[in-house]
Structures are given as C-alpha cells and as structure tokens.
Amino acid sequence: MLSIILLSIFGIVVLFLGFQKSKNILLPATLLCIAIAFAANFVHWNDAPGLYFKEMLFENRLTMSFSAIVLLSAFLVVALTRGFADDEAAQPAEYYAIILFSLVGAIMMIGFDNLIMLFLGVEILSVSMYVLTGSDKRNLRSNEAALKYFLMGAFATGIMLFGIALLYGATGSFNLTDIRGYVGTNSFSISTLLYVGLLLVLIGMLFKVSAAPFHFWTPDVYDGAPTVFTAFMSTIVKTAGFAAIYRLLSGSFEGIYNFWWFTLAAITILTLVVGNITAVYQQSFKRMMAYSSISHAGYLLLSLTAMTAQTPDAIVFYSLAYSLATVSAFGVLMAVAREKSVQSHENAEDFEAFNGLGKRNPLLAFVLTVSMLSLAGIPLTAGFWGKFFIFGTIVERGNLIWMLIVAILMSAVGIYYYFKVIIATYMKDGETGALRVPPFYRIVLIVSTTLTLLFGLIPKLLS
Amino acid sequence: MLTLLLILIPVLSALAVLITKNNSAKQVAMVGTLFELGLAVAVFISFEPNATQQFGFSYPWIASAGIMFAGGIDGISLLLVMLTAFLTPLIVLSTFRQPYKNASTFYALILFMQAALMGVFTAADAFLFYLFFEAALIPIYFLAAVWGGENRIKVTFKFFVYTIFGSLFMLVALVYLYFQTAGLSATVPHSSAITALYKVGLDAQKQGWIFWAFFVAFAIKMPIFPFHTWQPDTYTESPTPATMLLAGIMLKMGVYGVLRFLLPIAPLGMEAWSTTAIVLSVVGIVYGSIIAIQQRDIKRLVAYSSFAHVGLMAAGVFSQTLNGVQGALIQMIAHGINVVGLFFVIEIIFSRTKSRNIEQLGGITQRTPQLTVYFMILLLGSVALPLTNGFVGEFLLLSGVYEFNKWLGTVAGLTIILGAVYMLRLFQKAMFGGKSSLTEHFADLSLSERAVLLPLAIMVFWIGLYPNSFLKLTEPAVNNLLQMVHY
C-alpha cells in the first residue's frame with residue numbers, strides 16, 4: 001500500500017517541479033518516482049495477504065504482481081515520452097503528474113476490497129486517460145478522441161455505479177467479503193437486484209477493457225490519442241481492468257458461477273471474433289493495434305470464463321507478455337513516425353511506414369518482429385506461454401472446449417494481420433537511408449524485447 | 001548431455017555467424033555444422049541398439065507443473081538426428097558458389113533451423129516438442145520469404161498460417177492429454193513427459209478426437225492429400241537451401257510426430273481411422289505422381305515427387321506393421337538424401353542456364369560427364385532401383401501397406417511405375433537431346449559441387465547395399481513402439 005501513498009505524493013511533487021525553468025528534469029524525476037513505487041510495491045511481499053485502510057484495500061502476492069506489471073509498463077512507456085517536452089505548447093509537468101495519479105487509480109482497481117474503492121480507482125484512472133488522450137491540443141483528432149472517450153466513459157461509469165448501488169441494495173454492504181457471505185448463505189434466495197447489479201458492474205468494467213460489444217470507442221480513441229498514451233492505455237488500463245474483474249468475480253461471485261459464466265462466454269466469443277476479424281481490414285497500424293487489443297481482451301476473458309485455480313497465474317502472465325509486446329510495438333511506431341512526420345505531413349501511421357525497415361534499422365525491425373510474434377503467440381516468445389496458460393485453464397474447466405476451438409481459429413486469423421507488419425518490415429521496399437533512434441528509445445526497446453524472449457524461453461521466471 | 005549439446009551447438013554457431021562479416025559467414029557456418037556432424041557421429045557410434053532412451057538430459061522448466069526441459073535419443077530419434085547432422089553441412093556447402101545478400105543472417109537462420117530440428121527429434125517432453133516444432137517454422141519462414149522467388153510473400157505466408165493452424169490443434173490435444181496424466185508427486189499433479197502421455201489410456205471416442213487433432217497437424221506438415229496445397233508453391237518459390245531443408249528434413253517432422261505421438265497415444269483412434277489415413281496417403285501418391293508427370297518446371301516436378309513419396313511413408317507408418325514403420329524410417333533417410341541431391345542438381349542447372357523449364361533445356365550430358373553420373377545415381381535412388389537406398393525403403397513400405405490391405409498396397413505400388421515415368425522423363429528432356437541456346441556453354445561440376453554430391457552418392461549406395469547398419473539400430477525401438485500399439 002506504500003506505493004499508493006508514494007505515488008500520490010510524487011504526483012504533487014512532479015506538479016511543482018513544473019515551475020522550474022528547465023523541463024529536462026521532469027522525465028528522470030518521473031522515472032525515479034515510478035521505480036521507487038515499484039520497489040515499494042514489494043515491501044509487504046512476505047507478510048501478504050493484508051487488508052489496509054479499514055478494509056478498503058487488499059493486498060496479496062497476486063495484486064502485487066499485477067501492480068508490478070502496471071508499474072513496469074508505466075516505466076517503459078514514460079521512458080518513451082522523451083522529446084515530449086520539446087513542444088512549446090506542451091505542459092509536461094501536468095502530464096507526468098497525471099500519469100502518476102493514474103497509476104494510483106490503477107493500483108486501487110487491482111487491490112480494491114470495497115466497491116467504493118473500485119469506483120474511485122476506475123474514475124481516477126479514466127479521468128486521467130481522458131485528459132491524456134486530448135493532450136495533443138491542436139490536433140483535431142486528439143480532441144475528438146478525448147471527447148468521445150469522455151462521453152462514452154462517463155456513461156459506462158454511470159452504469160457501473162448504478163450496478164454498485166443495486167449490489168448494495170441486495171446485500172447491504174460494499175465490502176467484497178460481506179457480499180461473498182451473502183451469496184454463500186442465501187444461495188437459494190438471492191435477490192434479483194444482485195444479478196442485475198452484477199451485470200451492470202460487469203458492463204462498466206468490460207467497457208474499460210474494451211470487450212465487444214462495448215468496444216466501439218476503442219479504435220477512434222487509440223487512433224486519435226498521441227501514440228505514447230495509446231501505449232499507456234492499451235497496457236495499463238487493460239491490466240488493471242482485468243485484475244479488477246478477476247477480483248470482483250473471484251472475490252464475491254464464485255458462488256453464482258452458473259449465472260455469469262454464460263454471459264461472459266458469449267461476450268468472450270464476440271470479442272474474439274470482432275477483434276480479430278476487424279483487425280484484418282485495417283490500413284492504419286494504430287487502428288490494427290486497437291482491434292488487436294480487443295482480441296487480446298478476448299483471450300483474457302477466456303481465462304476468466306474458465307475461472308479455475310490457474311486463472312490468476314494465466315492472467316498475470318498474459319498481461320505481462322501482452323504489455324511488453326505492446327510497448328515494443330508502439331515504441332517502434334513512434335521511432336518510425338517521428339522521422340516521417342518531420343519529412344512530410346502525410347499519415348505516418350499506416351503499415352507502409354514500416355516498409356523497408358529491415359534495411360533502414362535492423363534493431364527496430366527485430367524488435368517489431370519479436371513483438372508481433374509474441375502478440376501472435378508464436379513459440380520462443382512470452383506470448384506463446386501466455387496463450388498456453390490461458391488455453392490450459394479452459395481445458396482444465398473441461399466443458400468449454402468449444403470456446404477453445406473458436407479461440408484457435410481466431411489465433412490463426414491473428415497471425416494474418418501481425419504478419420502483414422513483418423512482411424512490410426522485411427520484404428517490402430520503402431524509403432532508404434538509415435533511421436536514427438534516440439538512445440532512450442533504444443534502451444526501452446531492448447529491455448522489453450529481451451524480457452519477451454527471456455519469458456519465452458523460461459516462463460517460470462515469474463512467481 | 002550429448003543430446004543437449006546437439007541442440008546447443010547450432011544455436012551457438014548461429015550466434016557466432018551473426019556477429020561475423022557477411023563474406024566469411026559461410027565458412028563459420030560450415031565449421032559449425034561440421035562440428036555438429038562430428039558430435040552426431042560420436043552419438044551414432046556409442047549408441048546401444050536397444051529400445052531405451054540414451055544420452056538423456058532433464059532439467060526443471062516449469063517444475064511445479066511437471067513440465068521438464070528433457071530430451072534423449074532412441075533408435076527412431078537417432079536416424080533423424082543423423083539425417084539432420086549429415087544434410088545441414090551439405091546444404092551449407094551447396095551455397096558456396098551462390099552469393100546471398102545479408103549472408104550472415106542467412107546462415108544463422110539455417111543454423112537456428114538445425115537447432116530447432118534437433119530439438120524436435122530429441123525432445124522427451126511433449127511441450128518441449130511442441131515448442132521446437134513451432135520454432136522450426138520461424139527461421140524457415142524468413143529464409144523462404146526474404147530470399148525466395150517472385151511470389152514468395154504470398155506463398156510463404158500461406159505456408160506459415162497453414163502449418164501454425166494445424167499445430168494449434170495438436171497443442172490442444174497435448175494440453176488435454178496433459179491434464180489426464182498422473183503426476184510425479186502430490187504437489188505436481190500432472191506431467192508432460194511423452195512417456196506419461198503414453199499411459200493416459202482414453203476411451204475409443206476420445207482417442208478418435210485426439211487422432212484427428214494430431215493428424216491434422218502432422219498431415220499439413222508432411223503433407224498428406226488434401227492438406228498439401230501449400231507445398232508445391234513453397235518448395236518452388238523458396239531459395240534452394242530452404243527447399244532442401246523443407247523437403248529433406250522438415251517434412252520428416254510430420255512422420256516423426258506420427259510415430260512418436262499418434263501411434264502410441266491413440267491406438268484405438270488408429271484402429272478406427274487408419275484406413276482413412278492410408279487411403280488419403282495413397283490418393284496423395286497417385287495424385288502427386290500424375291501431376292509430377294505434367295510439370296515443366298523441374299523444381300516443381302521434384303516438389304510433387306516429394307509429395308508422392310511422403311504419401312508412401314505416411315501409408316507405411318499408418319499400416320502399423322514392422323515392415324511399414326521400418327520402411328518409413330529408412331525411406332525418410334533415403335528420401336532426405338535423394339531429394340537434397342536432386343534439388344541441388346536443379347540449382348546447378350538453374351544457376352548456369354537461368355531456366356528451370358524442361359522444354360528449354362536439353363543436351364547437357366554432352367559436356368558434363370560428372371554431373372550426368374551424379375544426377376543419374378540420385379535419380380535411380382529416387383525411382384527405387386534395386387541396390388539404391390530408395391529400393392530398400394519402398395520395398396519395406398509397400399510390403400507393410402500390402403500386409404495391411406492388399407488393394408491399397410497394390411495401388412500404392414503404382415508409385416514405382418509412375419515415379420520412373422516422371423523421373424526418367426525429366427532426365428531425358430533435361431539432359432539428353434539436342435543442345436539449346438541456354439545449355440551450349442554448360443560447365444561441369446566445380447570442386448565444391450562435387451564435394452556435396454559425392455557424400456550423397458555414397459550414401460545412396462551404402463543404404464542400398466547394407467541397410468541393416470541402420471535398420472538394426474531402429475528395430476528394438478520400433479518393436480517397442482508397435483507393442484504399445486497392439487497391446
């Protein structure tokens with residue numbers, strides 16, 4: 001819990017650092033803050049589990065792992081914001097502070113023990129995201145995306161809050177343990193309010209992780225937001241969102257699995273199909289990544305639907321593999337698009353941007369390839385083990401093999417669009433001339449790629 | 001320990017090649033593959049001809065789930081390990097006259113491929129097997145897609161998606177079987193050792209499902225009719241070294257998978273479906289041969305012949321007879337040798353005439369006594385003339401299939417006649433006849449080319465004259481396998 005307190009304080013400190021003339025200190029300061037929070041996250045590793053703040057927040061090794069993934073991704077993404085302060089109109093201090101605050105929200109979502117905390121966490125994270133999406137102030141698409149995200153997001157949060165109210169009406173408590181107790185003792189006379197409430201809360205949460213049919217905002221927002229915040233959104237929000245859904249379902253509602261599994265199964269299948277099939281038709285890399293993030297939400301939901309003892313491990317591993325690969329992919333896109341937008345003002349985020357990258361910069365090409373292979377779930381990358389563990393939970397559940405067949409078909413579709421990127425990188429000719437990559441980028445990309453390959457070879461490194 | 005070295009040395013040589021300059025990459029690669037061959041020969045010599053698994057290694061990988069990083073060599077593995085170790089240096093040597101751009105990456109990929117193949121043939125853990133089975137695809141995909149011919153992007157992409165899709169079914173089958181296994185201890189509930197999978201013993205209906213999940217994966221890899229549509233295009237478009245890897249070694253991964261997984265794990269499934277599988281294989285033999293007869297592109301012709309030959313190997317394995325399985329093993333080696341030789345001869349012809357069209361060639365024999373002799377030896381091996389390696393394999397295979405079903409055996413026997421038709425037609429049109437403008441100045445073999453073809457020719461006769469030196473090594477393992485099938 002130390003990390004929440006620290007991050008809140010750091011956020012304010014960074015905000016005040018903005019008054020300094022030199023903006024160069026902001027990035028290292030923010031990175032340092034996240035690193036300290038990362039270390040602080042593990043302080044209670046040995047005396048977990050524990051409840052904090054009058055049973056408002058909960059912490060065990062699982063929540064710490066999720067928080068660690070969130071903080072690691074945040075560290076990598078923030079390192080990619082180098083060069084961000086160069087823009088005259090940008091207000092970097094505010095953005096860095098908002099990033100730190102949003103992490104507080106994410107960690108609250110991961111470890112909530114009280115539905116109020118869930119709501120607070122979701123709101124802190126979402127409001128920060130609305131602001132960051134619109135941070136490219138003069139770009140019309142960025143503004144449009146922010147407004148769209150805000151309107152839709154506010155709706156979803158409203159629905160979720162309504163659900164929480166209904167759950168309170170049914171059980172008389174916001175506390176997860178109390179709700180679990182209610183479900184356990186009244187298993188034959190559960191109030192209808194509880195069922196409706198659960199569904200409404202789930203809808204709100206599924207909106208945040210962009211599961212179909214609540215995904216319509218995703219492509220526009222991902223496309224419009226500055227790329228670095230797209231990376232932030234697709235890693236941190238997703239990880240925190242899935243941690244929260246897992247915590248909600250496993251913490252309180254395991255007793256009524258028979259009620260919610262089918263709803264979740266239907267949404268899972270829809271998400272897998274919509275995400276993968278639509279991704280095939282995209283011309284813009286960012287939009288493709290948006291749909292691919294929807295499809296990955298589908299795989300994670302697959303494991304939640306199974307809800308076996310292995311589910312938490314599977315989700316942790318998958319989130320980590322997905323986050324690392326996504327950070328690399330967006331990092332490469334930023335490095336390529338930076339160069340390109342200087343030369344011309346055409347849309348620099350299509351697949352064509354990667355043409356000939358294999359010749360222009362072998363390192364970037366390799367990073368992008370590993371990241372695509374990992375997202376596609378090809379062995380020797382972390383993504384393979386992620387899919388492996390997810391599929392394992394489904395097989396363990398036994399009667400859901402039919403879902404697995406759909407997932408496999410969709411994985412094959414996934415290979416199609418990820419390989420479009422690899423083909424552009426190595427087999428199409430594009431611009432010539434070496435591409436220079438700033439050292440900060442290089443370090444981030446090497447770190448995330450090394451981790452992807454390392455977890456691909458030795459998956460047991462985790463836990 | 002030796003087994004682990006067999007996997008690690010290609011990886012290390014690949015890394016070494018990656019950091020060397022482009023113009024000396026091939027020499028480094030050559031040294032690495034020769035070293036690997038030496039190691040494989042050491043294994044071959046010290047191998048005890050019994051059914052046990054030897055030179056094993058085992059390290060915890062995901063220990064709490066009973067998944068081990070384990071491997072070893074039994075008679076069946078040994079032959080394929082030898083084949084891989086023997087062919088890879090020749091494949092590297094075959095490229096010596098041909099400059100490839102980004103040579104260090106090119107040779108590194110070949111070596112990574114070798115490592116993955118070694119892993120596939122020696123893995124003793126089902127998930128490790130799967131990992132290598134898929135990992136082998138990545139280097140071969142890039143070899144074919146970056147250095148290939150005009151249509152390479154579309155063709156290799158189809159190949160990649162096709163094979164991955166098939167393998168995913170195998171993954172499901174493996175995960176499913178894994179959850180049925182008994183664990184080693186109370187804390188480790190399951191085990192993914194291949195031997196643990198053998199003991200699962202499902203009922204007939206479930207074995208039917210398992211059969212099909214495995215069958216699709218391996219049938220795409222081999223390929224068996226009607227899963228073959230990726231194969232001729234991919235073989236034709238790939239650069240010749242990649243084609244050699246694909247046809248010479250990688251195709252055997254499918255046959256090996258059937259032997260290692262399908263037969264012992266799903267014997268009841270085999271009982272129900274083996275006739276279907278053999279019928280498909282036999283259809284492939286006839287279909288592939290007939291199409292081969294009509295080809296003009298000589299590379300494509302050999303690609304279809306390879307498709308026909310693997311059909312016979314598959315039929316032999318699915319017949320579950322000692323002759324069929326032994327024949328498939330020896331034929332895997334023989335076919336690997338012959339097809340690599342044939343593709344190399346085609347590459348020699350293509351590099352000098354810039355044509356693979358059978359109609360534009362002709363009259364090559366007049367200036368090239370050496371090439372003619374080697375080509376003839378490889379070709380006769382391929383059409384299964386007695387005293388050559390192909391004869392031993394096809395004879396055993398056909399007798400195995402005949403034992404299973406007379407009619408299928410008879411139809412499969414057409415392969416010998418049809419094979420002679422397309423191969424001799426190839427030789428006649430390309431080598432004999434009048435000279436064309438393209439073949440006028442055809443130079444005979446260079447030293448490095450002879451160095452590739454001579455070992456291949458020696459092996460053609462060695463296996464043809466004394467097959468027992470290989471058969472006796474595999475027999476205990478095959479008997480052991482068949483006992484599991486007919487328990």
Side-chain angles (χ1 to χ4, degrees), chain A residues 308-310 313-314 317 358-359 362 365-366 369-370 372-373 376-381 384-385 387-398 401-405 407-420 422-428 455-463, chain B residues 11 18 59-65 67 69 101-102 105 112 115-116 119 127-139 141-142 144-148 152-154 156-158 160-180 189-190 192 209 213:
Chain A
T308 65
Q310 299 301 318
D313 288 349
F317 197 93
K359 289 200 191 84
F366 180 71
T369 306
V370 171
M372 289 297 127
L373 290 176
I378 310 287
L380 299 185
T381 60
F384 166 70
W385 291 105
K387 282 221 170 67
F388 178 83
F389 294 136
I390 296 263
F391 287 2
T393 59
I394 285 282
V395 174
E396 207 180 356
R397 172 57 72 177
I401 300 278
W402 58 275
M403 291 180 76
L404 199 51
I405 304 294
I408 284 180
L409 287 169
M410 289 302 127
S411 305
V413 174
I415 291 167
Y416 178 79
Y417 54 82
Y418 293 124
F419 265 68
K420 272 214 295 212
I422 296 181
I423 287 172
T425 308
Y426 282 107
M427 290 147 225
K428 299 238 166 98
F455 282 119
L457 286 172
I458 318 169
K460 216 46 209 171
L461 229 54
L462 206 69
S463 89
Chain B
V11 175
L18 267 183
Y59 302 98
W61 193 19
I62 311 181
S64 60
I67 298 175
F69 192 87
K101 62 177 171 134
N102 295 333
T105 321
F112 276 127
F127 294 130
L128 187 63
F129 171 86
Y130 182 80
L131 192 88
F132 283 123
F133 194 80
E134 295 280 84
L137 261 183
I138 298 169
Y141 170 75
F142 280 105
V146 176
W147 286 271
R152 61 188 199 277
I153 294 177
K154 227 173 102 187
T156 50
F157 188 58
K158 179 175 174 187
F160 194 89
V161 173
Y162 223 126
T163 42
I164 282 268
F165 180 65
S167 321
L168 282 170
F169 283 99
M170 175 168 75
L171 180 62
V172 174
L174 288 178
V175 173
Y176 180 81
L177 286 163
Y178 165 74
F179 279 106
Q180 315 293 321
H190 304 293
S192 62
W209 287 106

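Numbers restart at 1 for each chain; the letters A, B, ... are given by sequence-line order, proteins then strands.
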At a heavy-atom separation under 4.5 Å, does [X] approach chain B through its side chain, its backbone, both, or neither?
X         : answer
Phe384(A) : side chain
Leu457(A) : backbone
Leu404(A) : side chain
Thr369(A) : side chain

Distance, nearest 0.5 Å, that separates [atom1] of [X] from [atom2] of [Y]:
X         : Y         : atom1 : atom2 : result
Phe419(A) : Thr156(B) : CZ    : OG1   : 9.0 Å
Leu373(A) : Glu134(B) : CG    : CD    : 11.5 Å
Ile164(B) : Ile415(A) : CD1   : CD1   : 4.5 Å
Met427(A) : Trp147(B) : CE    : CH2   : 9.0 Å

With a 4.5 angstrom heavy-atom cut-off, which part of [X] approaches chain A: side chain, backbone, both or neither?
X         : answer
Ile67(B)  : side chain
Leu131(B) : both
Tyr162(B) : neither
Phe157(B) : side chain
Phe127(B) : side chain

Taking all atoms of both residues into account, what is the closest heavy-atom pair of Ser411(A) and Leu168(B), and its distance?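 Nearest pair, atom of Ser411(A) first, then Leu168(B): CB-CD1, 3.9 Å.
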
Between chain A and each of [options], count heavy-atom pairs under 4.5 Å; write down the option with the most.
options                                    : answer
Ala145(B), Pro60(B), Ala65(B)              : Ala145(B)
Leu137(B), Val161(B), Ile153(B), Leu171(B) : Ile153(B)
Tyr178(B), Phe142(B), Phe169(B)            : Phe142(B)

Check: Trp61(B) side chain, Pro459(A) main-chain N or O, donor-acceptor pair, under 3.5 Å: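 The answer is no, because no donor-acceptor pair under 3.5 Å joins these two groups.
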
Taking the side chain as every heavy atom from C-beta outward, state whether Ile378(A) and Phe160(B) have any pair of such atoms under 4.5 Å apart.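 Yes, close enough: below the 4.5 Å cut-off.
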
Is any side-chain heavy atom of Ile62(B) closer than 4.5 Å to a side-chain heavy atom of Phe389(A)?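 Answer yes - side chains close enough.
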
Is the distance from the ring center of Phe388(A) to that of Tyr130(B) below 6.0 Å?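 Here the rings of Tyr130(B) and Phe388(A) have centres that are no less than 6.0 Å from each other.
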
